[in-house]
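This report refers to the structure that appears directly beneath it.
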Amino acid sequence: MVDVFKDFEYIIQQGKIKSMPSESKLLILGQMHYAMKRGDLTVSEIDALEKILGVGIGKYKKAIEFALFGETDEAA
C-alpha cells in the first residue's frame with residue numbers, strides 16, 4: 001500500500017535540499033489538501049507536512065479563494 005504521507009514528506013525534503021521555489025510550495029499544498037479531501041491524508045498529517053514545508057494554507061488564502069471562487073472576501 002502506498003504511504004501518501006511518506007511520499008509528500010520525501011518530495012518536501014528533496015525540495016528543501018534544492019531550494020524549492022514558492023510556486024512549487026503552493027502546488028504541493030494544493031496536492032496535499034486534495035489528498036486529504038480524497039481521504040488519503042488526515043488533518044494532523046496535513047499539519048505535520050505544512051510544518052515540514054514551512055508554509056501553511058493560510059499564507060495562500062487569497063490565492064486559493066481566487067482559484068476556487070474567482071474572487072476573495074476582500075473583493076466582495
Donor-acceptor list for residues 7-14 side chains, cut-off 3.5 Å, not counting sequence neighbours:
none

Can I get a per-line list of side-chain donor-acceptor pairs under 3.5 Å for residues 19-32, giving both atom names and the distance, sequence neighbours left out?
none

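Side-chain heavy atoms closer than 4.5 Å link hydrophobic residues (I, L, V, M, F, W, Y) into clusters, and following such links, even through other members, never connects Y34 to V43.
For D40, the side-chain hydrogen bond (donor to acceptor under 3.5 Å, both in side chains) partners two or more places apart in sequence, or in a different chain, are R38.
Sorted by first and then second residue, the side chain to side chain donor-acceptor pair (under 3.5 Å) pairs involving residues 46-55 (not counting sequence neighbours) are H33-E50.
Taking NZ from K37 and CD1 from I46, the interatomic distance works out to 13.0 Å, rounded to the nearest 0.5 Å.
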